[in-house]
Structure formats: C-alpha cells, structure tokens
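Since the structure comes first, as structure tokens, the remarks are kept for the end.
In this chain, numbering begins with 1 at the start of the sequence shown.
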Amino acid sequence: MARKIGSRYTAHQILGRGSAGTVWLGEGPDGPVAVKLLREDLASDQELVGRFVQERSALLGLEHPHVVSVRDLVVDGNDLALVMDLVRGTDLRTRLDRERRLAPEAAVAIVADVADALAAAHAAGVVHRDVKPENVLLDMQGEIGPGGAHPALLTDFGVAKLIDSPRRAGPAPGGVRATAPTTRIIGTPDYLAPEIVEGLPPRAAVDIYALATVLYELLAGFTPFGGGHPGAVLRRHVTETVVPLPGIPDELWQLMVQCLAKAPASRLRASELSARLRDLLPLLAGMPPLDVDEPDDLEAVPPERTAVEETPAVPARRRGVVPLVPGSATDSNRDTHTSMRVPGPEELAGGALGTARVPRPAGGHRPGAARHRADTVRKRRLMLSAAGVLLVAAVSVGGYLAASDDAPPPPGTKRSATP
C-alpha cells in the first residue's frame, strides 16, 4: 500500500526493516528513490528532529561516486525520513551470506571503494560510525572492477550520529539546560573501535577500524573479535590482538594490522588506505578465496557448566547479528543501531585472553581446543574421584558404627537396655 512521505515523495514497497526504521522503494519528482523512514519514537523526539535539521546541509552536500547520496530530509508530522539515491543491486552482507568469503582481489577492490567514500566524508567533517557489510551496497549496473567486483557505495551516513547525540538533562541552576554525558554505545559490536567501547568520542579513525574489520571478514568469512556474548566481543576489541590470516601476502596483512591498531593515531587515513589497497591489487590477481575455518567459540558453553555437566555446546551466533540488548530480536537486514552502556574498566579487563580467536586451516583443530577439552575431562575426573572418596568414607563409618553395636562393652561399663 502506497503512502505519502511529505509533499513530494510516495513510498510504494518496503525494501528492508532495521532498528532505526524502514527502507522503502519510493518515487519522487526526479524518479525512483530509496526512502529511509525513521521509527515513530525517533520522529516524536523534538531534540532529535532539531539535530536532523541541523545535519541537513552536511548530509545533502556529501557527493561522491561511492556514496549513496542523500537527496532530501523530510520532516512532516510524525514522519522523519531520509530520501536517498536508489542503488540497483544488493548489499555486501547478502553477498557474504551467499559466498561466505571473497577472493582477496575482489575484497580489496570493494574496500578501496568504501575507503574512497570515507575519505570524501571525513574531508567534509562527517564520520559514518557504523561501517559494516549491511551498509555497503553493490551496484550491479555499474562497471565490473578488479576480481569481478561491482562498484561499492557506502550508505546510512548520519543515522548513527542522530541517534547517539546526547539527550538533554533537566534545567541546571540559572535556567540553563545541561547536556547529560553520553554513557551509551551506538553501533554493531563486531565493528566497534576500542575507543568507542571505552567511551571516548568517535573520530574519523573509528571508521578506518570498522572498515579494516570488514576487510578481514570478507577474506576470512568471520570478524576478528566476534562470537559469543556481546560483552565478550566488546572486551576483545579493547584487550586482544588480531591473529594473522594464513594465505594472504604480508603487505596486505601489515596494512590490516595498522588499521586495526588499538591507538586511533596509529591508523591510516581513509585516502591513504584506499591508495595502498589499490597498489596491492596486481599482487592479488587470480588468488582464490582463503581456505580457513571459523574458530571454535569456547565461550559458547558457560565455563561453570562445562566442568560438571554433559551439556551440548550452544552454537555461537554469527558475526554481525548479535544484538547489543540481550533478548532483543535481530533485524531482517541486521541494521543494529541499538545502545548499550559503556562497560567499566573491571568488566573490560575481566577474562581477557590476550589473543583473539585463532583462525584455523580448513578441517584443522583450533589451537588450544584440545587443552580446553582435556581440562574439562580432568575436572570431571577429579569431581568423580572426590565423590568416590566421600562414598567410601561414608560406607566405612557406617560399617564401624554397626560393628560397634554388636561388640561386647569394655570392662567396667554397662550397656543400656532397650525399652
């Protein structure tokens, strides 16, 4: 059923739903468009509407071949919408779900396109803050590039910033309204830079970290720090080091390591990343996809249960679909603009392993998995042995007491009579 969006646009068909809103196929004065209609509770937030209007010039001015341009921002009654270019194609998550991992040449070509988009955005003072495969669109009508990759365009600029802007606190002394400090995390756990997890303000470097994570995922089929409970994912970003992927050139790996550095200042700028990735394309020509398996997730089974129960392992939820709010449903397009409080230092430090999950060659065993199973078996044996000792002791004491009732009393003692 069609619905009007403002006075100039008509939405005809839902293309996807996310936690920030719904994307519609629409029609405008100049032809087909994509309309992102934000949730009603967001549209009713007057402060958010004000920020929405303030961001208008920055978002409308962001023009680049690898950016899904925002054509218009609509504020009309309960409707709050971004009108964007319509890209004829699919998103990168859909391709990943179909192919699991990409050939290195295609993966690098796609990420170089996204880096170009970020370079333009950062030059305009815009930080994306939610770079992930769901927000990378592949133009199936565009010219095919290296490795058979279709042109990549980055979308959803501004949405994370709108939602994450701090709410106003009550009036401060003197009638001035004070801004409450931000204590939430906005984004998708697998792609969050360490400084975001630690509560620092997001700068351009957070996009570089997220894009390097996307490149790792395109090559490996999984993210370097994902898997298990979202709190564990956040802790890994802060405390653990990324493990090398077998089978890729060292030049590419060193580039990824630099962009996944914990210190934001150590990462490359987007323009530098794009240039260096394109320089590596000839080296990657003809390379097949990597032959590695996703690491086993030892956190899938709670450690306090594995030592005492024969509990089957709970499969880990795949990267990119872990909601930040436990128990909440994931979105159809995995658009996870949800919030979580910033964890404290003790939470980030607790349980740190020092090294991220180790990828393993296809069919191989994860290093450390055998030791984990051996430790579990050893604990069970110790518990069974302890139970056996207690049982033997109980039987011995019972036999001694029974024997004492039948033995004659020592000299000089009297046995009491049973009534």
Side-chain angles (χ1 to χ4, degrees), residues 15-19 23 66 68 87-115 117-118 128 130-140 142 144-156 187-192 207-228 230 233 242-243 245-248 252 256 259-260 277 281 284 287-295 297 315-323 330-337 356-357 359-360 362:
L15 299 177
R17 298 182 187 274
S19 56
V23 180
H66 294 294
V68 179
V87 178
R88 302 287 185 178
T90 186
D91 62 35
L92 188 54
R93 172 63 66 203
T94 300
R95 182 172 178 184
L96 260 181
D97 285 343
R98 183 176 66 247
E99 302 180 26
R100 189 180 180 191
R101 59 179 68 91
L102 307 186
E105 185 181 15
V108 167
I110 289 171
V111 170
D113 284 351
V114 179
L118 289 175
H128 189 285
D130 198 22
V131 177
K132 57 184 177 182
E134 290 82 352
N135 286 335
V136 177
L137 304 185
L138 303 178
D139 183 3
M140 296 304 180
I144 295 179
H150 292 276
L153 292 85
L154 188 58
T155 188
D156 253 11
T188 307
D190 284 30
Y191 310 93
L192 285 173
D207 289 341
I208 302 302
Y209 184 93
L211 185 56
T213 302
V214 170
L215 177 55
Y216 190 106
E217 183 177 15
L218 296 181
L219 295 170
F222 52 89
T223 55
F225 301 111
V233 176
V242 65
V243 176
L245 285 175
I248 64 172
L252 177 57
M256 294 170 63
C259 293
L260 288 170
L277 287 174
L281 285 173
L284 304 173
M287 282 187 62
L290 301 184
D291 190 17
V292 294
D293 283 341
E294 186 166 358
D297 188 0
R317 302 179 72 181
R318 291 192 62 189
R319 69 284 178 275
V321 295
V322 180
T330 54
D331 301 308
S332 60
N333 68 348
R334 302 181 184 180
D335 177 16
T336 50
H337 286 296
R357 303 176 308 149
R360 49 190 169 87

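- By the 4.5 Å heavy-atom criterion applied to side chains, V233 and L192 are not counted as neighbours.
- Considering every non-hydrogen atom in both L245 and A220, the closest pair reads CD2-CB, 3.6 Å.
- Between the side chain of D113 and the main chain of P151, no donor-acceptor pair closer than 3.5 Å is present.
- In this structure a side-chain-to-backbone donor-acceptor pair under 3.5 Å is missing from H66 to V114.
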message: Show, in sequence, the C-alpha distance, side-chain angles and deciding distance for F225 and D190, and conclude whether the side chain to side chain contact (heavy atoms under 4.5 Å, CB included) test is met.
response: CA-CA 6 Å; F225 301 111; D190 284 30; over 6 Å; no

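- In this structure the side chain of L252 reaches within 4.5 angstrom of the side chain of L277, judged on heavy atoms.
- Put simply, the side chain of V242 does not reach to within 4.5 Å of the side chain of M256, judged on heavy atoms.
- The heavy-atom pair separating P289 from R101 by the smallest distance is CB-CG, 4.0 Å.
- When all heavy atoms are compared, the tightest approach of P246 to V292 is CG-CG1, 3.4 Å.
- For the residue pair T94 and D91, a side-chain donor N or O sits within less than 3.5 Å of a side-chain acceptor on the partner.
- In plain terms, the two heavy atoms of Y216 and F222 that are nearest each other are CD2-O, 3.4 Å.
- Atom-to-atom distance recorded for D207:CG and L154:CG is 8.0 Å, nearest 0.5 angstrom.
- Judged by distance alone, the side chain of H150 and the main-chain N or O of I110 form no donor-acceptor pair under 3.5 Å.
- Smallest separation of non-hydrogen atoms from L219 and P104: CD2-CA, 3.6 Å.
- Under the 4.5 Å side-chain criterion, counting only non-hydrogen atoms from C-beta, D156 is not in contact with D130.
- Residues V131 and Y191 have side chains not in contact (no heavy-atom distance under 4.5 Å, counting atoms from C-beta outward).
- Looking at L137 and T90, their side chains never come closer than 4.5 Å, going by heavy atoms from C-beta outward.
- In this structure, L92 and E134 have side chains that are not in contact, with every pair of non-hydrogen atoms separated by 4.5 Å or more.
- Scanning both residues, L218 and A107, for their nearest heavy atoms gives CB-CB, 3.7 Å.
- With sequence neighbours left out, the side-chain contact (heavy atoms from CB on, under 4.5 Å) criterion links L153 to V68, V87, D139.
- When the side chain to side chain donor-acceptor pair (under 3.5 Å) test is applied to R95, the partners found at least two apart in sequence or on another chain are E99.
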